[in-house]
Every structure is written in C-alpha cells, then in structure tokens.
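Working notes for the structure below.
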Amino acid sequence: MATVLDPAGAPAADERPPARRTKSTTPGGRRRHIPPLLAISPFYVLFAVFGAFPIVFSVYLSFQDWDGIGDMRFVGLQQYGWLLRDSVFWHSVLNTFEIWFLSTVPMLFLALVLAFLLHSQVRFTGAYRVAYFIPNVTSMVAMTVVFGSVFAQAGLANAVLRAIGVDGIGWLSSEWGIKSSVSLMIIWRWVGYNALIFLAGLQAIPTEHFEAARVDGANSRQTLFRVVLPQLRPVVLFAAVTSTINGLQIFTESQVLFQSTDTGTTGGPGQEGMTIVLYLWQKAFKEHQFGYGAAMGWVLFAIIAIFTIINWRLVSGSDDDRRPGLAGLLRRKGARDGR
C-alpha cells in the first residue's frame with residue numbers, strides 16, 4: 001500500500017510514528033517519585049544523623065587531641081603511634097582474643113549440636129526453641145549481676161564444686177577464672193540464638209538427603225559431618241562472622257561484673273577482664289581522651305575486618321569441595337532406586 005504524503009512530502013499524520021515520551025511529558029513527571037521518597041526519608045535522615053555523621057566524625061576525631069569541651073588540637077597520626085606503644089591496649093587485645101576463643105568455639109559447637117537434636121523427632125520442639133532464645137532477649141546487665149553472685153567466692157559455682165570434693169575457684173580474682181566466667185556468660189547468651197540459626201539451615205536441607213544417608217548406613221555422627229555440615233557452610237559462615245564481630249566487642253560482661261569495686265573500669269584484678277571496648281570506654285568517657293578513643297575504635301575495626309576475612313576464607317572453602325560425602329550418597333541411593 002502506498003504511503004500517503006502531505007503536500008510537503010512528509011508522511012501523513014496517521015502514518016507518523018508516535019512521539020517519544022520524555023520525563024517531562026510522562027504523566028506526573030518526576031513529581032510521581034516524591035511520595036515514595038518522602039515515605040522512606042525518615043530512615044535516611046536518622047541514618048545520616050546517628051550513623052553516617054558519627055562514623056565520619058570519628059575518623060576526623062582520631063587525628064585530633066580533644067577532651068570533649070575545649071578546642072581540638074590536630075596531632076595527625078600521633079594517636080595511632082601512642083596506641084601502638086600502649087602496653088595496656090595490647091594487654092586488652094590479648095584478653096579479648098582469649099575470651100573470644102574460649103567462648104566462640106564452644107558456643108558454635110554446642111549450638112550446632114542443639115540444632116541437630118532439635119531437628120530430630122523430639123517432643124515439645126517449640127518450647128525448646130523459646131527457652132533457647134530467652135537468654136538472647138534478656139537484659140545482659142541484669143544477668144551479669146546474677147552471674148556475679150553465682151561466681152562469687154561463696155557463690156553457687158564454688159558450692160557445687162565443693163559438693164563434689166573440688167576446691168573452690170577464684171572466678172573473679174584469678175586470671176583464667178575471670179576469662180572463664182566472662183566466656184560462660186557469652187556462651188549462655190548466644191548459644192540458643194545460634195542454635196536457632198543452625199536449625200533454620202537444617203530445615204532447608206531436603207529430607208531425601210537424610211534418607212540417603214540412612215539408607216547408606218550412616219550413623220548420626222557421619223550424617224552430621226558428611227551430609228549436614230557441607231550444606232550448612234553458608235549458615236556456619238554467617239554464625240562465625242557475626243560471633244566474631246560480637247566476640248571482639250565484649251564490653252557489658254567485664255564492665256558490670258566488677259562495677260561494685262574500683263576495678264569496674266579496669267576489668268578486674270590484674271586487668272585480666274580488660275577488653276578493647278572496655279579500654280576504649282575508659283579512655284574516652286572516663287579520662288576524656290576522645291581522640292585516643294576514636295583511634296582505638298578504628299584499630300578495632302581493622303582487627304574485626306581482618307578476622308572476618310579469615311573466617312570467610314576458612315569456612316567458605318571452594319566450590320569443588322562443598323559436598324564431598326553427599327554426592328556419593330545420592331548416587332548410591334539413585335542406583336538402588338533404579339534411577
């Protein structure tokens with residue numbers, strides 16, 4: 001069919017392609033985005049005021065000498081130089097690592113065992129889940145006071161030890177007693193939380209994988225290490241990273257445990273409960289060295305980042321070895337089923 005041309009030689013109006021709509025010609029234009037942006041703006045305003053600004057200001061503050069009231073004095077990298085020569089800081093770093101190791105490794109293992117037991121056919125599973133999660137939502141300050149009475153020299157812990165013929169332990173006065181008591185409080189608080197995280201990961205594993213393991217004659221230990229753990233790597237990675245971040249920021253347990261004495265700001269006798277965050281709080285808010293505290297906070301951030309990367313590399317592994325035992329189990333099950 002011939003194209004109808006107007007006198008000027010252009011296609012007729014009914015044959016012309018429709019004009020492209022621009023942002024200015026779209027119905028509502030840019031104004032239609034205003035209501036959604038206004039709806040989410042409170043979050044960004046609060047984040048900018050209470051999140052982004054403190055982070056940026058702490059970077060600036062780490063290069064200043066400031067007591068919180070007077071004028072700031074620029075000192076450059078001197079704060080970090082003083083920090084590297086601070087023996088108390090390195091003692092707090094060592095204490096933090098020891099407490100983190102004593103608490104995180106047993107806590108993750110116990111959480112995995114509890115999750116594996118809850119995943120089995122047991123009665124009152126819902127009640128167990130609630131009971132395991134209660135410590136995580138309980139006030140840590142209140143529970144630290146309770147644990148302080150339990151670990152006192154004449155407390156319940158030593159009473160139980162004496163009942164079985166063991167001498168009492170200086171839970172709050174000896175080096176490893178202090179670290180053990182703080183570690184036990186951390187385990188008590190986080191083992192149930194991580195157990196529920198692991199349980200959610202277990203419930204995402206197809207049931208036929210467990211059936212294949214049973215058909216192949218695998219016991220509970222073999223099922224746990226050859227079937228469950230290879231498929232729980234993302235969940236284990238999440239739990240390991242979050243536990244590392246929380247474990248390297250220990251503060252409440254050490255501070256409240258000794259708050260009734262002058263050692264409340266030093267982490268107990270011999271500073272054996274002094275952690276990085278407790279030392280940061282002491283320098284910044286007790287001695288009013290805010291620049292020094294900011295520098296310490298960024299060093300702590302670097303330590304957490306390094307340990308997070310290490311956990312990622314150790315737990316994630318490579319894609320080739322994610323399911324070493326599962327593939328064989330499924331192949332054998334398929335052969336028995338004639339598939």
Side-chain angles (χ1 to χ4, degrees), residues 58 62 79-111 136 140-141 143-144 147-148 151 170-191 193-194 239-259 261 263-287 289-290 292-315:
S58 67
S62 66
Q79 305 276 20
Y80 295 94
W82 297 334
L83 192 62
L84 294 177
R85 296 189 298 269
D86 190 344
S87 60
V88 179
F89 170 74
W90 290 111
H91 183 64
S92 69
V93 171
L94 179 61
N95 290 339
T96 303
F97 286 162
E98 290 174 346
I99 294 173
W100 168 79
F101 182 80
L102 290 174
S103 60
T104 302
V105 176
M107 180 263 295
L108 292 178
F109 177 75
L110 290 175
N136 189 254
M140 197 61 221
V141 175
M143 293 313 303
T144 302
F147 272 96
F151 291 124
W171 295 99
L172 304 180
S173 58
S174 62
E175 175 184 359
W176 290 105
I178 293 173
K179 292 181 173 63
S180 299
S181 59
V182 175
S183 300
L184 287 173
M185 285 189 288
I186 297 172
I187 293 173
W188 177 87
R189 182 183 184 184
W190 291 105
V191 66
Y193 171 84
N194 285 285
V241 170
T242 55
S243 298
T244 299
I245 295 174
N246 293 327
L248 295 178
Q249 298 182 82
I250 304 166
F251 169 74
T252 306
E253 293 83 355
S254 296
Q255 198 274 335
V256 178
L257 198 61
F258 303 99
Q259 67 176 349
T261 64
T263 58
T265 59
T266 60
Q271 297 182 327
E272 297 302 334
M274 173 70 78
T275 62
I276 301 175
V277 178
L278 180 59
Y279 190 50
L280 186 157
W281 172 80
Q282 176 188 345
K283 286 296 182 181
F285 298 100
K286 298 294 289 185
E287 302 180 12
Q289 300 180 23
F290 290 98
Y292 195 60
M296 199 181 307
W298 281 102
V299 171
L300 175 61
F301 169 78
I303 293 174
I304 292 175
I306 292 172
F307 269 73
T308 300
I309 295 173
I310 293 174
N311 279 328
W312 185 283
R313 298 293 298 175
L314 290 177
V315 178

### Message
Under a 3.5 Å cutoff, is there a donor and acceptor pairing between the side chains of Ser62 and Tyr292?
### Response
no
#### Entry: Side-chain heavy atoms of Thr275 within contact of Gln255, under 4.5 Å
no
### Task
Indicate whether the side chain of Ser180 and that of Trp176 have a donor and an acceptor atom separated by less than 3.5 Å.
no
### Query
Angle class for the Trp190/Tyr193 ring planes (parallel below 30°, perpendicular above 60°, tilted otherwise)?
perpendicular
### Task
Please name all residues satisfying ring-ring contact (aromatic ring centres under 6.0 Å, His included) with Phe109, sequence neighbours left out, ordered by chain then number.
none
### Query
Do Thr244 and Asn311 meet the criterion of a side-chain donor-acceptor pair at a distance under 3.5 Å?
yes
### Crowding at CZ, Phe89 (>12 non-hydrogen neighbours, <6.0 Å)
yes
### Message
Is the shortest side-chain heavy-atom distance between Met296 and Gln79 below 4.5 Å?
### Response
no
### Message
With side chain to side chain contact (heavy atoms under 4.5 Å, CB included) as the criterion, how do Phe301 and Ile304 come out once you've worked through the C-alpha distance, each side chain's angles and the decisive distance to 0.1 Å?
### Response
CA-CA 5 Å; Phe301 169 78; Ile304 292 175; 5.8 Å; no
### Flag for Ser58-Trp298: side-chain donor and acceptor within less than 3.5 Å
yes
### Task
Verify, without hydrogens or angle tests, whether Ser254 (side chain) and Phe251 (backbone) share a donor-acceptor contact under 3.5 angstrom.
no
### Message
Please check this pair: side chain of Thr96 against backbone of Leu248, looking for a donor-acceptor N/O pair closer than 3.5 Å.
### Response
no
### Message
Going by side chain to side chain donor-acceptor pair (under 3.5 Å), name the residues that satisfy it together with Glu175, two or more places apart in sequence or in a different chain.
### Response
none
